[in-house]
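In what follows, a single structure is set out as structure tokens and then discussed.
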Amino acid sequence: ISGGSMDYSKYIRNLKDYPKEGIIFRDITTLLKDKDAFKGAIDELVALAPKNVDKVVGVEARGFIVGAPMAFHMGAGFVPVRKPGKLPYKKIEVSYELEYGTDKIEIHEDAISSGEKVIIVDDLLATGGTSKATIDLVERLGGKVEALVFLVELTDLPGREVLKGYDVRSLIKY
Ligand code: PRP
Ligand code: MG
């Protein structure tokens, strides 16, 4: 499995009315468990990403699964953005809106040096809230966001609009 012509959407499990009525949940575990689809999708994402990147930033939890193998392939460092209370060293945090209430994510303050070229990776772009918050963290550390790379993009949600001005790239679009 390689080359841009492969349709990876056939490896995604679509769950109707999960976690609630009217939502179709795009389950990536069926892609991840298939050795050819997993390797092929990561290779494609690496090909989609800009070159000469210093750091790949992945967002807990599913962003780790996609981001770490990409960083490995690209010869870049990997930086975890984590849910509150998980990072042991000095960190900065940002709050972002959820459908009900807010959530927080954190990054180590020495994770990125000023001027470094960064890509932000996650499994899925929906409302863009998680990614926008991650951009905020990276830019406060002086990182330059070269692109945001997603395995799956939900195009009926305003994610791309929320990330206007940034280079948004995705492998599978719904
Ligand atoms: C999911 C998904 C993305 C985010 C996308 O993560 O993995 O990170 O939502 O949504 P958004 O574009 O509307 O912000 P979730 O917070 O459910 O947690 P997980 O990755 O830990 O499973
Ligand atoms: Mg996530």
Side-chain angles (χ1 to χ4, degrees), residues 8-9 11-34 37-38 41-42 44-46 48-49 53 55-72 78-88 91-108 111-112 118-141 143 145-174:
Y8 288 93
S9 67
Y11 292 98
I12 305 279
R13 175 159 49 204
N14 303 301
L15 294 161
K16 219 168 146 277
D17 297 325
Y18 182 89
K20 56 184 187 184
E21 219 176 298
I23 305 280
I24 303 172
F25 189 90
R26 308 296 181 179
D27 176 15
I28 65 165
T29 65
T30 40
L31 182 149
L32 298 173
K33 74 173 180 180
D34 184 295
F38 184 35
I42 295 297
E44 297 266 358
L45 287 170
V46 168
L48 205 64
V53 163
K55 303 268 168 69
V56 174
V57 171
V59 187
E60 184 177 358
R62 283 176 263 163
F64 292 179
I65 302 169
V66 180
M70 283 182 68
F72 183 85
F78 179 79
V79 171
V81 161
R82 298 210 63 177
K83 308 277 166 83
K86 298 289 188 180
L87 290 172
K91 60 217 171 184
I92 59 169
E93 61 170 43
V94 63
S95 296
Y96 60 102
E97 303 287 322
L98 297 175
E99 199 174 355
Y100 303 101
T102 65
D103 211 342
K104 246 186 237 168
I105 49 174
E106 302 179 332
I107 194 170
H108 274 150
I112 292 162
V118 171
I119 63 166
I120 294 169
V121 171
D122 209 343
D123 69 317
L124 182 97
L125 174 62
T127 67
T130 307
S131 293
K132 195 88 218 307
T134 306
I135 289 172
D136 186 63
L137 291 175
V138 169
E139 290 186 342
R140 277 159 60 194
L141 297 180
V145 179
E146 299 286 302
L148 297 103
V149 181
F150 302 93
L151 179 60
V152 178
E153 175 180 356
L154 306 182
T155 59
D156 54 346
L157 291 170
R160 207 170 257 275
E161 184 60 25
V162 166
L163 303 177
K164 202 168 62 194
Y166 292 90
D167 185 348
V168 176
R169 308 181 187 186
S170 63
L171 186 60
I172 304 164
K173 295 176 177 67
Y174 290 99

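Remember, it's 1-based here, ligands and their atoms both numbered in the order they're listed.
- Closest to atom 3 (C) of ligand 1 by heavy atom, among Val66, Asp122, Leu157, is Asp122.
- The Thr127 neighbourhood of ligand 1 comprises atoms 11 (P), 12 (O), 13 (O), 14 (O), with distances under 4.0 Å to a heavy atom of that residue.
- Set against the non-hydrogen atoms of Glu60, the atoms of ligand 1 under 4.0 Å away are 20 (O), 21 (O).
- Among protein heavy atoms, the minimum distance from atom 10 (O) of ligand 1 is reached at Ala126 CB, 3.6 Å.
- Any N or O atom pair closer than 3.5 Å counts here, and Arg62 shares at least one such pair with ligand 1.
- Residue Lys173 places its NZ atom among more than 12 non-hydrogen atoms of other residues, nucleotides or ligands, all under 6.0 Å distant.
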Handout entry: Steps toward salt bridge (Lys or Arg N to Asp or Glu O under 4.0 Å) verdict (Lys132, Asp136)
Key = CA-CA 6 Å; Lys132 195 88 218 307; Asp136 186 63; over 6 Å; no
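- Residue contacts with ligand 1, taken as heavy atom pairs separated by less than 4.0 Å, involve Lys83 solely via side-chain atoms from C-beta onward.
- Tested against Arg82, the residues Glu60, Glu106, His108, Glu93 include a single side chain to side chain donor-acceptor pair (under 3.5 Å) partner, Glu60.
- Contacts of Thr130 with ligand 1, taken as heavy-atom pairs under 4.0 Å, involve both backbone and side chain.
- The distance from ligand 1 to the heavy atoms of Gly129 drops below 4.0 Å at these ligand atoms: 12 (O), 14 (O).
- Counting heavy-atom neighbours within 6.0 Å of Phe25 CZ, excluding the residue itself, gives a total above 12.
- In this structure, Leu154 and Ala126 approach most closely via the heavy-atom pair CD1-CB, 4.1 Å.
- Considering every non-hydrogen atom in both Arg169 and Ala49, the closest pair reads NH1-C, 3.6 Å.
- Nearest approach of Thr29 to Arg13, heavy atoms of both residues: OG1-NH2, 3.5 Å.
- Between Gly128 and ligand 1 there is a heavy-atom distance shorter than 4.0 Å.
- Applying the 4.0 Å criterion to heavy atoms of Leu124 picks out, from ligand 1, the atoms 3 (C), 5 (C).
- Among Asp123, Val59, Ile65, the residue whose heavy atom sits closest to atom 2 (C) of ligand 1 is Asp123.
- For a threshold of 3.5 Å applied to N or O pairs, the pair formed by Leu125 and ligand 1 contains no separation below that value.
- Of all heavy-atom pairs between Leu148 and Ser131, the closest is CD2-CB, 3.9 Å.
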